[in-house]
Each structure stands twice: as structure tokens, then as C-alpha cells.
S.K.: 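Have a look at this one.
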Amino acid sequence: MKIILASASPRRRELMDLVELPYEVIPSTREEVITSTIPADVVRELSLMKAEDVAEKALLGEEELALVIGADTVVACDNEILGKPKNEENAKEMLRKLAGRSHSVFTGIALLWIKDGKIVKTVNKAVETKVLVEAMSEEEIAAYVATGEPMDKAGAYAIQGKFAPYISGIEGDYYNVVGFPICTVRKEIRKEVEI
């Protein structure tokens with residue numbers, strides 16, 4: 001079965017490698033347009049949009065069974081979605097909101113099985129992980145932002161990076177916070193093929 005990951009994220013590629021199935025990467029180029037403000041609905045919508053975009057481009061003529069996997073991750077605090085920071089001050093604002101409390105990370109996954117150029121099965125769900133961040137001083141926030149790491153990360157942090165010392169606990173899938181709930185993805189693939 002041909003498998004396509006509709007994401008340019010290096011972290012998603014690293015996690016997809018752990019499934020040990022051959023796949024190729026074709027990132028979506030569709031402009032992201034959302035109609036919801038509810039974090040779980042937003043990531044479901046965006047992951048499906050990405051998967052459908054790549055399916056339309058890459059698999060129109062496929063006769064064999066193929067799978068396209070789309071994903072999107074957001075950080076939400078009090079139901080406010082914290083995207084990638086616009087600048088360093090914006091990153092600091094986000095980290096102040098997260099420090100000393102818990103928030104949620106939502107990743108939407110969309111798996112589209114295609115045969116004979118048609119989508120024959122769709123799985124579209126959101127996975128939530130709660131993350132508890134330690135209290136941080138202004139100096140700690142400024143020092144972390146100065147590393148540059150938060151600038152291309154939803155919520156202005158990377159759990160697997162220099163922000164790790166500030167994470168005091170999680171409830172749910174760690175890899176979901178990294179940006180790809182690989183256990184959930186593997187289970188869905190396994191329903192269709194033997195791994």
C-alpha cells in the first residue's frame with residue numbers, strides 16, 4: 001500500500017519512521033482556512049484539508065489502495081488557540097499565559113484511504129494531551145525566547161527541546177505534544193493492514 005504523509009514537519013517524519021512502513025512526503029500547499037474556533041474542531045478541519053489537498057494532487061489515478069495522512073497541531077489555553085508567535089514579544093506573552101498552569105495540545109489526524117482514484121474510507125479525529133508548565137520568571141521566559149526555539153512552534157515551545165525543564169507533567173500522549181500522535185495513527189493503519 002502506498003502511504004503519503006501530507007506534512008513537511010521534520011518531527012512528524014521522524015515519528016512516522018517509527019512505524020517502519022515505507023511512505024513518501026508530499027506537503028499540502030492549500031491555504032489554511034478554518035470555520036471553527038473550537039480547538040479540537042480546528043485541528044480536525046485542518047488535518048482533513050491537508051490530506052484532501054494531497055489526495056487530489058497525488059492519487060487521482062491510483063488503482064491500488066493508498067493512504068494519505070494529514071495532521072495539524074494547536075496549543076489551547078482557556079480555549080484560546082495559541083499559534084506560532086509573530087515575534088519575540090508575542091512568544092513571551094504566550095509563555096506567560098502557559099506558565100504555572102495546565103493547557104491542552106490538540107492534534108488532528110486525517111487518514112484517507114483511496115482506491116481507484118476515490119476516497120473509500122476517512123478517519124478524522126482530534127487527540128488531546130494536557131500539559132502542566134512550571135511557574136517561570138520573566139528572566140527564564142526571556143532566556144528561553146532568546147534561544148529562538150519558540151519562534152516556529154505552536155504555543156511558543158517545544159516539549160522535546162530546551163523547554164523540557166519547565167514541563168512538570170502531562171496527561172495523555174507525549175508524541176501528540178510533539179505534533180503527531182503516532183500510537184493513534186498506527187492503530188488506525190493497523191485496522192487496514194497488518195503491521
Side-chain angles (χ1 to χ4, degrees), residues 1-19 21-76 79-87 90-91 94 104-129 150-158 173 175-182 184-189 191-193:
M1 177 173 69
K2 183 176 190 174
I3 299 175
I4 297 174
L5 179 62
S7 174
S9 165
R11 289 167 295 285
R12 289 191 184 118
R13 284 197 307 266
E14 288 168 10
L15 292 170
M16 191 65 192
D17 288 344
L18 300 176
V19 178
L21 285 174
Y23 70 96
E24 60 183 284
V25 174
I26 303 176
S28 170
T29 55
R30 185 174 289 167
E31 181 183 352
E32 294 182 357
V33 178
I34 54 172
T35 60
S36 179
T37 57
I38 299 166
D41 293 344
V42 167
V43 293
R44 276 194 296 269
E45 192 174 351
L46 290 173
S47 63
L48 184 60
M49 186 184 311
K50 291 175 182 182
E52 287 174 340
D53 178 45
V54 171
E56 287 168 14
K57 287 187 226 168
L59 298 171
L60 242 41
E62 282 293 320
E63 292 179 15
E64 298 299 313
L65 185 65
L67 170 63
V68 176
I69 304 169
D72 198 84
T73 302
V74 299
V75 172
N79 281 324
E80 177 190 355
I81 294 173
L82 304 178
K84 295 177 183 178
K86 297 176 186 73
N87 53 43
N90 187 223
M94 288 184 194
S104 291
V105 176
F106 294 89
T107 299
I109 57 165
L111 292 90
L112 305 181
W113 280 267
I114 293 112
K115 188 163 175 63
D116 297 324
K118 295 183 181 81
I119 297 170
V120 295
K121 180 180 176 183
T122 301
V123 173
N124 187 213
K125 56 175 62 173
V127 178
E128 178 182 8
T129 302
M151 299 317 295
D152 67 340
K153 310 287 188 297
Y157 76 90
D173 183 345
Y175 293 105
N176 186 53
V177 184
V178 176
F180 200 53
I182 193 63
T184 302
V185 170
R186 182 185 175 280
K187 281 185 207 174
E188 293 299 335
I189 295 172
K191 289 177 185 176
E192 295 299 317
V193 295

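In this text the structure is predicted, and so the values were computed from the model without any measurement.
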S.K.: Between Ala154 and Val75, which heavy-atom pair has the shortest distance, and what is it?
M.R.: O-CG2, 3.4 Å
S.K.: If you measure from the Lys or Arg side-chain nitrogens to the Asp or Glu carboxylate oxygens, is any gap between Lys57 and Asp53 under 4.0 Å?
M.R.: yes
S.K.: List the residues meeting salt bridge (charged side-chain N to carboxylate O under 4.0 Å, His left out) with Glu128, not counting sequence neighbours, and say none if there are none.
M.R.: Lys130
S.K.: For Glu14, check salt bridge (charged side-chain N to carboxylate O under 4.0 Å, His left out) against everything at least two apart and list the hits.
M.R.: none
S.K.: Are any non-hydrogen side-chain atoms of Leu18 and Phe180 less than 4.5 angstrom apart?
M.R.: no
S.K.: Could you pull out the closest heavy-atom pair between Ser7 and Ser9, with the gap in Å?
M.R.: OG-N, 3.1 Å
S.K.: Please list, chain by chain and in numerical order, all residues satisfying ring-ring contact (aromatic ring centres under 6.0 Å, His included) with Tyr157, sequence neighbours excluded.
M.R.: His103, Phe163
S.K.: Could you please spell out the steps behind the side chain to side chain contact (heavy atoms under 4.5 Å, CB included) verdict for Val19 and Val185?
M.R.: CA-CA 9 Å; Val19 178; Val185 170; 5.6 Å; no
S.K.: Please list, chain by chain and in numerical order, all residues satisfying side chain to side chain donor-acceptor pair (under 3.5 Å) with Thr184, sequence neighbours excluded.
M.R.: none
S.K.: Counting only heavy atoms not in Phe106, do more than 12 sit closer than 6.0 Å to its CZ atom?
M.R.: yes
S.K.: Give a yes or no on this: more than 12 heavy atoms of other residues, nucleotides or ligands lie within 6.0 Å of atom CD of Glu31.
M.R.: no
S.K.: Return the set of residues passing side chain to side chain donor-acceptor pair (under 3.5 Å) with Thr73 (not counting sequence neighbours), or none when no residue passes.
M.R.: Arg12, Thr107
S.K.: Got a sec, which residues hit side chain to side chain contact (heavy atoms under 4.5 Å, CB included) with Ala110, two or more places apart in sequence or on another chain?
M.R.: Ser47, Leu48, Ala51, Asn124
S.K.: Go through the structure and list residues passing salt bridge (charged side-chain N to carboxylate O under 4.0 Å, His left out) with Arg11, not counting sequence neighbours.
M.R.: none
S.K.: Show the nearest heavy-atom pair for residues Lys153 and Pro85, with the distance to one decimal.
M.R.: O-CD, 3.3 Å
S.K.: Taking only residues two or more places apart in sequence or in another chain, which ones pass salt bridge (charged side-chain N to carboxylate O under 4.0 Å, His left out) with Lys125?
M.R.: Glu188
S.K.: Which atoms form the tightest heavy-atom contact between Leu46 and Glu32, and what is the distance?
M.R.: CD2-CB, 3.7 Å
S.K.: Side chains of Lys115 and Lys121, heavy atoms from C-beta outward: is any pair under 4.5 Å?
M.R.: no
S.K.: Quick one: list whatever passes side chain to side chain contact (heavy atoms under 4.5 Å, CB included) with Ser36, sequence neighbours left out.
M.R.: Ile38, Asp41, Val42, Glu45
S.K.: Side-chain contact, heavy-atom cut-off 4.5 Å: Met16 with Val25?
M.R.: no
S.K.: With sequence neighbours excluded, tell me which residues meet side chain to side chain contact (heavy atoms under 4.5 Å, CB included) with Ile119.
M.R.: Leu112, Ile114, Thr122
S.K.: Let's go through Ile189 and Ile69 carefully: what are the C-alpha distance in whole Å and the side-chain angles of both, what is the deciding distance for side chain to side chain contact (heavy atoms under 4.5 Å, CB included) to 0.1 Å, and is it a yes or a no?
M.R.: CA-CA 10 Å; Ile189 295 172; Ile69 304 169; 4.0 Å; yes
S.K.: Kindly write out the residues that satisfy side chain to side chain donor-acceptor pair (under 3.5 Å) with Asp72, not counting sequence neighbours, or none if the list is empty.
M.R.: Lys50
S.K.: Do you know which two heavy atoms are closest between Ala91 and Met151, and how far apart they sit?
M.R.: CB-SD, 4.1 Å
S.K.: More than 12 foreign heavy atoms under 6.0 Å from CG of Asp152: is that the case here?
M.R.: yes
S.K.: Mind checking whether Trp113 and Val123 have side chains closer than 4.5 Å, heavy atoms only?
M.R.: yes
S.K.: Ala6: which residues meet the side chain to side chain contact (heavy atoms under 4.5 Å, CB included) condition with it, sequence neighbours left out?
M.R.: Val54, Val68
S.K.: Check whether any side-chain heavy atom of Tyr23 sits under 4.5 Å from a side-chain heavy atom of Asp17, and report yes or no.
M.R.: yes
